[in-house]
Amino acid sequence: MLDKAFDSGSTEPRLYRLWEESGVFAPTNDPAATPFSIVIPPPNVTGSLHIGHALNNTLQDVLIRFQRMRGAAALWLPGTDHAGIATQMVVERQLAAAGNIGRRDMGREAFVERVWEWKAESGGAISRQLRRLGASCDWSRERFTLDEGLSRAVRQVFVALHRQKLIYRDKRLVNWDPRFQTAISDLEVEQREVDGHYWHFAYPLEDGSGEIVVATTRPETMLADTAVAVHPDDARYTHLIGKCVRLPIVGRPIPIIADDYADPDKGSGAVKITPAHDFNDFKVGQRHRLPMINILDPSARINENGPAAYRGLDRFEARKAVVAAFEALGLLRGVEKVRHAVPHGDRSGVVVEPYLTDQWYVDAKTLAGPAIAAVEDGRTVFEPRHWEKTYFEWMRNIEPWCISRQLWWGHRIPAWYGPDGRIFVAETEEEALAAGREHYGCDEPLRQDEDVLDTWFSSALWPFSTLGWPEKTSDLARFYPTHTLITGFDIIFFWVARMMMMGLHFTGQAPFQRVFINALIRDAEGAKMSKSKGNVMDPLELVDAYGADPLRFTLTAMSGQARDIRLSTARIEGYRNFGTKLWNAARFCELNSCVAPPSFDPGLASGRVNRWILGETVKAARQVTRALEACAFDTAAAALYRFIWNAYCDWYLEFSKPVLQGTDEPAKAETRAMAAWVLETILKLLHPVMPFITEELWSKTGERDRLLIVAPWPDLPDAWIDEVAARDMALVVGAIAVGRAVRSELNVPLSARPPLIVVDADPGQRDVLRANAAIIDQMLRVSGLEFQAVSGAVPYVAEGVAFALPIAEFIDLAAERARLAKEIAGQTVDIDRTSKKLANVDFLARAPEEVVEENRERLAERQASKERLETALARLEAVS
RNA sequence: GGGCGGCUAGCUCAGCUGGUUAGAGCGCCUGGUUUACACCCAGGAGGUCGGGGGUUCGAACCCCUCGCCGCCCACCA
């Protein structure tokens with residue numbers, strides 16, 4: 001006997017263990033099975049499961065469970081990302097909290113060892129949390145981006161790209177994060193609106209003939225100015241081009257140059273040029289071969305290139321000092337407050353500085369070509385399609401990708417430097433030394449590059465490195481390219497684009513056929529969830545409170561494509577109730593000994609009600625299947641909900657009661673079998689979204705030869721759809737539903753059991769109603785059918801059949817009059833609209849014939865019911 | 001400045017390539033101890049589909065325009 005309700009707390013972990021131990025998460029070895037693979041977007045190893053992960057991984061799990069049941073060799077490959085900066089931060093913070101010495105004092109080797117220790121202790125949290133969600137990943141294939149295999153792939157890719165001149169070392173401006181003291185890529189820079197000032201400074205002309213005014217929001221950079229630019233056509237300044245100004249404070253003469261970059265409409269029209277500390281100025285500096293003076297040290301303090309009085313000052317202190325100096329010199333020409341966007345490091349949160357350093361770059365432009373083409377010609381399709389625009393936009397304007405990071409945790413760059421600075425790029429130190437020997441003619445000591453690679457460099461290889469590349473493994477042959485990638489739009493640039501580039505370059509094939517972009521989760525008010533706002537919803541707490549299934553169903557149902565998801569517990573509660581509803585339906589079946597014998601062939605069922613629910617089941621299965629094929633997860637969830645609750649529970653099980661409680665044994669047997677068979681089918685169809693409750697019911701409602709997780713997906717023949725049964729049952733449903741509304745509106749007590757009078761129906765309809773009299777009796781609470789009109793009965797129409805309920809003694813005349821008037825008004829509106837349409841010659845001439853015909857039938861039907869209602873109203877008036 | 005998405009019932013959202021009276025869940029109101037289920041059952045109220053214009057026999061859906069809301073990219077003179 002099933003318990004009163006499903007206990008998720010005790011059942012879910014038990015079932016997950018059962019699945020995992022049964023080995024069903026690994027793809028089948030059946031060579032005939034079509035491979036279907038997904039690689040997980042590897043969460044940061046430092047991470048814990050947040051609600052976004054819950055959504056993303058639920059959708060992946062729905063898809064992989066669906067494919068597994070369909071018989072595919074379904075592989076969901078899990079793993080984690082070493083997450084350079086994030087992880088290094090966590091461990092450094094931990095060291096600090098424990099009062100230990102810092103990273104720099106520890107030294108590189110000891111620190112990295114400490115990070116590995118940390119990883120061993122607490123790095124697996126997110127994998128455990130994914131299990132609680134029910135994620136059916138193949139844990140035997142779990143990968144980590146710093147694993148030996150993946151590291152080897154990274155080195156090989158680096159060396160190959162270097163050899164192909166697609167990786168190179170360059171001295172240019174980078175975004176420098178002074179807190180972490182590392183370069184970061186453009187994508188890791190986040191613009192934040194802050195309050196600041198425009199300071200207007202006068203630079204005196206060297207010959208004393210006047211001054212030129214420039215404006216800046218970063219006064220400290222003037223210490224590194226090497227020119228002032230004006231527009232060549234700016235009449236105010238043409239006479240000054242070629243002259244010099246004497247840079248205040250510093251005292252250096254710098255030229256006034258002509259460059260289009262200067263915009264006559266902005267400020268004074270003259271702009272200070274600081275090539276070493278501004279991206280635009282850098283280009284101007286290159287054009288004019290200006291000196292590049294770097295005045296900042298790695299922590300953004302003024303270095304030895306600044307005036308003595310400023311050395312060692314933090315950039316913001318230096319800013320104040322520079323402004324004060326200008327004021328003291330009488331050269332401050334104005335200050336305005338401005339609110340402007342300032343670049344910040346997305347991890348560190350501090351203002352980043354354009355900074356002149358040597359770094360490694362990937363020639364992204366070249367790699368982007370094939371990646372753009374693959375999406376253009378549809379080898380890879382984004383879902384929803386509009387994200388392709390975003391992808392193209394970025395890919396077509398891509399900049400060189402700075403891949404070196406001045407960190408310790410990550411893949412160390414496989415480049416070695418000789419005593420003369422010559423670079424040897426090789427996969428191993430031995431190879432580098434050998435190359436050095438060949439070059440120098442003797443053994444020379446080489447020093448490996450201190451830097452590590454951007455975390456996203458290894459992630460870019462994820463779809464093939466995790467399958468064993470560069471080895472030609474059977475997994476690689478079988479599961480690459482992967483089928484679908486499910487991820488968030490926030491990492492289309494960071495990750496998806498780069499996987500496309502690397503995948504195509506190294507394997508010749510796009511790494512996935514389809515990229516499904518899932519929405520972003522917000523709180524019930526629409527705010528982005530963040531710890532600082534305190535509005536985060538912890539998925540594990542939600543699992544504790546409601547179970548994994550309701551959370552999964554909620555996320556699936558709300559995964560509509562084009563929008564942010566606002567999550568509320570009310571919704572989760574609703575789907576918890578849905579699970580309970582299913583549980584109780586199963587209890588009902590159990591109570592009524594509903595089991596489907598192995599020999600049961602639903603197609604041979606003869607009962608009208610059974611043939612009807614069979615057809616509905618086929619239709620529901622079609623809908624769910626089609627929706628999941630198309631990643632229309634919300635549509636699948638809606639179809640399941642409707643079918644299970646509104647068709648199976650509300651109608652079919654109610655219809656079955658008179659039979660199950662009756663004495664017609666053959667009918668009883670068929671209904672028992674059908675009820676059980678449909679329930680079984682429901683468990684299968686619902687399993688991808690609600691795996692736990694369905695697996696539990698599967699095991700408790702019948703003798704099973706296998707787990708539900710590997711049961712075959714329902715593939716039901718259309719021939720099982722019986723349109724006649726569907727039409728017949730629509731009549732029964734209509735008679736009951738409309739009749740109930742009449743009773744309720746007229747406040748007829750439930751105890752009243754009048755007969756149901758069938759006023760006007762054709763013989764076939766009468767037969768249907770007669771055959772279902774027991775159902776109608778029970779559900780409409782009437783006492784049998786009568787086929788003779790009685791005066792004073794309250795009429796209603798359903799499915800074109802006229803019914804009446806003799807309930808005169810209960811009714812309030814005024815209420816009934818109001819009801820009829822309202823009904824008539826409703827019909828009148830529709831009749832007017834439809835007849836107007838049919839009177840329109842253009843409509844008749846241009847609308848398709850079937851639409852015209854539909855409207856004709858509709859009009860006739862409405863007019864008939866209106867007449868009936870009017871007659872009834874007239875009779876009522878006569879009584880009163 | 002460039003681009004994207006959204007604006008449909010009190011709330012959260014469905015409504016595919018234009019064609020019945022625009023739907024669901026939650027909430028609300030009314031009535032229910034019908035032996036699967038009160039995490040339930042039955043019924044009900046509630047929307048000029050952001051505004052305006054256009055195309056069309058016909059527009060929530062297509063076009064134009066305006067208005068909000070959100071996001072992405074660029075911008076620190």
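Letters A, B, ... mirror the listed sequences (proteins, then strands); counts begin at 1.
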Whole-Å gap separating C1' (U30(B)) and CZ (R743(A)): 15 Å

Spacing between Q191(A) atom CD and A74(B) atom C1', to the nearest angstrom: 8 Å

Solution key, residues 184-191 of chain A side-chain donor-acceptor pairs under 3.5 Å, sequence neighbours excluded:
| from | atom 1 | to | atom 2 | distance (Å) |
| --- | --- | --- | --- | --- |
| S185(A) | OG | L187(A) | N | 3.3 |
| S185(A) | OG | E188(A) | OE1 | 3.0 |
| D186(A) | OD1 | N175(A) | ND2 | 3.1 |
| E188(A) | OE1 | S185(A) | N | 2.9 |
| E188(A) | OE1 | R405(A) | NH2 | 2.7 |
| E190(A) | OE2 | R192(A) | NE | 3.0 |
| E190(A) | OE2 | R192(A) | NH2 | 3.4 |

Gap between atoms CZ and P, on F643(A) and A24(B) respectively (whole Å): 19 Å

Sugar-phosphate only, base, or nothing, as touched by E590(A) at under 4.0 Å among non-hydrogen atoms: nothing

Sugar-phosphate only, base, or nothing, as touched by A557(A) at under 4.0 Å among non-hydrogen atoms: nothing

Interatomic distance, E193(A) CD vs C71(B) P [rounded to whole Å]: 12 Å

Plane angle bin for W387(A) and F489(A) - parallel if under 30°, tilted between 30 and 60°, otherwise perpendicular: parallel

Between N or O atoms, less than 3.5 Å apart, protein on one side and nucleotides 60-63 of chain B on the other: list the pairs.
none

Paired stretches of RNA chain B - 3 or more consecutive Watson-Crick or G-U pairs, each distance under 3.5 Å: B:1-7 with B:67-73, B:10-13 with B:23-26, B:28-32 with B:40-44, B:50-54 with B:62-66

C11(B) and U55(B), which share atom name P, separated by this distance in whole Å: 34 Å

Among C76(B), U12(B), C57(B), the one nearest M558(A) by side-chain distance: U12(B)

Heavy-atom pair with the smallest gap, counting every atom of A735(A) and A798(A): N-CB, 3.9 Å

Pairs touching residues 584-594 of chain A that satisfy side-chain hydrogen bond (donor to acceptor under 3.5 Å, both in side chains), sequence neighbours left out: none

Side chain to side chain donor-acceptor pair (under 3.5 Å) partner of T274(A), the single match among N280(A), T226(A), D225(A): D225(A)

Hey, what are the protein-to-nucleotides 43-47 of chain B N/O distances that come in under 3.5 Å?
| from | atom 1 | to | atom 2 | distance (Å) |
| --- | --- | --- | --- | --- |
| G43(B) | O2' | S744(A) | OG | 3.0 |
| A45(B) | OP1 | K822(A) | NZ | 3.2 |

Separation of C4(B) P from K389(A) NZ (nearest whole Å): 5 Å

CA sep, side-chain torsions, deciding dist, call: F201(A), V323(A), side-chain contact (heavy atoms from CB on, under 4.5 Å): CA-CA 9 Å; F201(A) 292 156; V323(A) 172; 4.3 Å; yes

side-chain contact (heavy atoms from CB on, under 4.5 Å) against D7(A), all qualifying residues, sequence neighbours excluded: S10(A), T11(A)

Sugar-phosphate only, base, or nothing, as touched by Y261(A) at under 4.0 Å among non-hydrogen atoms: base

Sugar-phosphate only, base, or nothing, as touched by N280(A) at under 4.0 Å among non-hydrogen atoms: sugar-phosphate

D281(A) CG to C76(B) P, straight-line distance once rounded to whole Å: 9 Å

C1' spacing across the pair G23(B) / G15(B), given as an integer number of angstrom: 7 Å

Aromatic contact, Y391(A) with F493(A) (centres under 6.0 Å): no

Listed once per pair and sorted, the salt bridge (Lys or Arg N to Asp or Glu O under 4.0 Å) pairs that draw on residues 194-203 of chain A, sequence neighbours left out: D195(A)-R339(A)

Min side-chain heavy-atom separation L551(A)-Y546(A) under 4.5 Å: no

Sugar-phosphate, base or nothing in reach of P343(A), heavy atoms under 4.0 Å: base

For atom CD of E190(A) and atom C1' of C75(B), their distance in whole Å: 16 Å

Integer angstrom distance from the C1' of C7(B) to that of G44(B): 29 Å

Spacing between W394(A) atom CH2 and G3(B) atom C1', to the nearest angstrom: 16 Å

Partners meeting side-chain contact (heavy atoms from CB on, under 4.5 Å) with A676(A) (sequence neighbours left out): C594(A), A596(A)

Sugar-phosphate, base or nothing in reach of V271(A), heavy atoms under 4.0 Å: base

Results of side-chain contact (heavy atoms from CB on, under 4.5 Å) for E629(A) - residues two or more places apart only: F66(A), R70(A), T625(A), R626(A)

C1' spacing across the pair C29(B) / A45(B), given as an integer number of angstrom: 7 Å

Between protein and nucleic acid, restricted to nucleotides 32-39 of chain B and to nitrogen or oxygen atoms under 3.5 Å apart, what atom pairs and distances do you find?
| from | atom 1 | to | atom 2 | distance (Å) |
| --- | --- | --- | --- | --- |
| A36(B) | O2' | N584(A) | OD1 | 2.9 |
| A36(B) | N7 | K657(A) | NZ | 3.4 |
| A36(B) | N6 | C649(A) | O | 3.3 |
| A36(B) | N6 | E654(A) | OE2 | 3.1 |
| A36(B) | N3 | N584(A) | O | 3.1 |
| A36(B) | N3 | A585(A) | N | 3.3 |
| C37(B) | O4' | N584(A) | OD1 | 3.1 |
| C37(B) | O4' | N584(A) | ND2 | 3.4 |
| C37(B) | O2' | N584(A) | ND2 | 3.3 |
| C37(B) | O2 | K581(A) | NZ | 2.9 |
| C37(B) | N3 | K581(A) | NZ | 2.8 |
| C39(B) | O4' | N577(A) | OD1 | 3.1 |
| C39(B) | O2 | R576(A) | NE | 2.9 |
| C39(B) | O2 | N577(A) | OD1 | 3.0 |
| C39(B) | O2 | T580(A) | OG1 | 2.7 |

Nearest-angstrom distance, C1' atom, C49(B) to G43(B): 26 Å

Listed partners of K619(A) passing salt bridge (Lys or Arg N to Asp or Glu O under 4.0 Å), at least two apart: E616(A)

Residues that D260(A) engages under side-chain contact (heavy atoms from CB on, under 4.5 Å), provided they are two or more places apart: H231(A), P232(A)

Rounded P spacing from U35(B) to C41(B) in Å: 14 Å

Plane angle bin for Y641(A) and Y575(A) - parallel if under 30°, tilted between 30 and 60°, otherwise perpendicular: perpendicular

Ring-face cation of R396(A) near F392(A) (centre distance under 6.0 Å, axis angle within 45°): yes

Same-atom distance (C1') from C76(B) to A14(B), integer angstrom: 45 Å

P atoms of G18(B) and C61(B), separation to the nearest Å: 11 Å

